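Heads up, the thing below is written out as structure tokens.
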Amino acid sequence: AQKVTQAQTEISVVEKEDVTLDCVYETRDTTYYLFWYKQPPSGELVFLIRRNSFDEQNEISGRYSWNFQKSTSSFNFTITASQVVDSAVYFCALSEEGSGGSNYKLTFGKGTLLTVNP
Amino acid sequence: NAGVTQTPKFRILKIGQSMTLQCTQDMNHNYMYWYRQDPGMGLKLIYYSVGAGITDKGEVPNGYNVSRSTTEDFPLRLELAAPSQTSVYFCASSYQGLGNTIYFGEGSWLTVV
């Protein structure tokens, strides 16, 4: 089973629309971290946010906001008033405490391609 | 601010050739990683290292080798390149493991023909 599921493969919106990218994760650990990364067309991976499993407070950073709900194992990402520059692939990722030293890596979802049209 | 630097950015290899992807970081991070990204598949871990002299396999290590002689450098060696190794490769680093943000290099596009 996938540990990180991003069910939306592609989303297309018109500029200024709000858009939510979904992320559902699976873990048996009580201590874990969730991340969002952005991959613009140029290809680099840009870190957006990190959230630990003990902090369910939602976060807002400018036009970006994140909704973390442990009850539904979701960590969704909303872009308000989207812009063309938001066009990118967005990845959700999970880092678990695990056992045997498995805390070293991120498990990535397959990504959501967001296209914002002018 | 250099961060994680990997070279080359683009490379075409013939089947059976070998090459090394270079990676260096200047953030004094203990952990370093190599990921590959295939279209529509997210990123998968090839190898990782928790410090100089220590390396271990990730999810997809076959066909690759790594070494970590210094804290800064973590080269990835492809032996006997195969078309299945056509991918984008990302080197990354973090201060430690769990919870620490992993910072990525800009990627290396490798095509095996």
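Chain A is the first sequence line, chain B the second, and so forth, proteins listed ahead of strands; every chain is numbered from 1. Small disclaimer: the values here were computed from a predicted structure and weren't measured.
Of residues 12-22 of chain B, not one residue has a non-hydrogen atom less than 4.5 Å from any non-hydrogen atom of chain A. Contacts from residues 68-75 of chain B to chain A, taken as heavy-atom pairs separated by less than 4.5 Å, involve no residues at all. Scanning residues 104-113 of chain B against chain A with a 4.5 Å heavy-atom cutoff picks out B:Phe104, B:Glu106, B:Trp109, ordered by number. Below 4.5 Å, heavy atoms of chain B meet heavy atoms from A:Ser42, A:Gly43, A:Glu44, A:Leu45, A:Phe47, A:Arg50, all part of residues 42-62 of chain A.
Of the possible polar contacts, none joining the B:Ser93 side chain to the B:Tyr31 backbone as a donor-acceptor pair under 3.5 Å is found. B:Ser49 places a side-chain N or O within 3.5 Å of a backbone atom of B:Gly51 that can act as its donor or acceptor partner.
For the side chain to side chain donor-acceptor pair (under 3.5 Å) criterion with B:Tyr64, the lone passing option out of B:Tyr89, B:Tyr47, B:Trp34 is B:Tyr89.
Proximity of the aromatic rings of A:Phe77 and A:Trp66 is defined here by a centroid distance below 6.0 angstrom, and this criterion is met. For A:Phe108 and A:Phe35, the distance between ring centers is not under 6.0 angstrom.
Ring geometry, A:Phe68 versus A:Tyr32: the interplanar angle exceeds 60°, so the pair is classed perpendicular (tilted spans 30 to 60°).
The pair A:Arg28-A:Glu96 does not meet the salt-bridge criterion, since no charged nitrogen lies less than 4.0 angstrom from a carboxylate oxygen. Between B:Asp38 and B:Lys44 there is no salt bridge, since none of the side-chain N atoms of the basic residue sits less than 4.0 Å from a carboxylate O of the acidic one.
Among all heavy-atom pairs drawn from B:Glu79 and B:Asn65, the shortest one is CG-ND2, 4.1 Å. Nearest approach of A:Asn76 to A:Cys23, heavy atoms of both residues: OD1-N, 2.9 Å. Of all the heavy atoms in B:Ala92 and B:Ile102, the pair that sits closest is CB-CG2, 3.4 Å.
With a 4.5 Å cut-off on side-chain heavy atoms, A:Asp22 and A:Val24 do not count as touching. The side-chain heavy atoms of A:Leu34 and A:Tyr25, taken from C-beta on, include a pair separated by under 4.5 Å.
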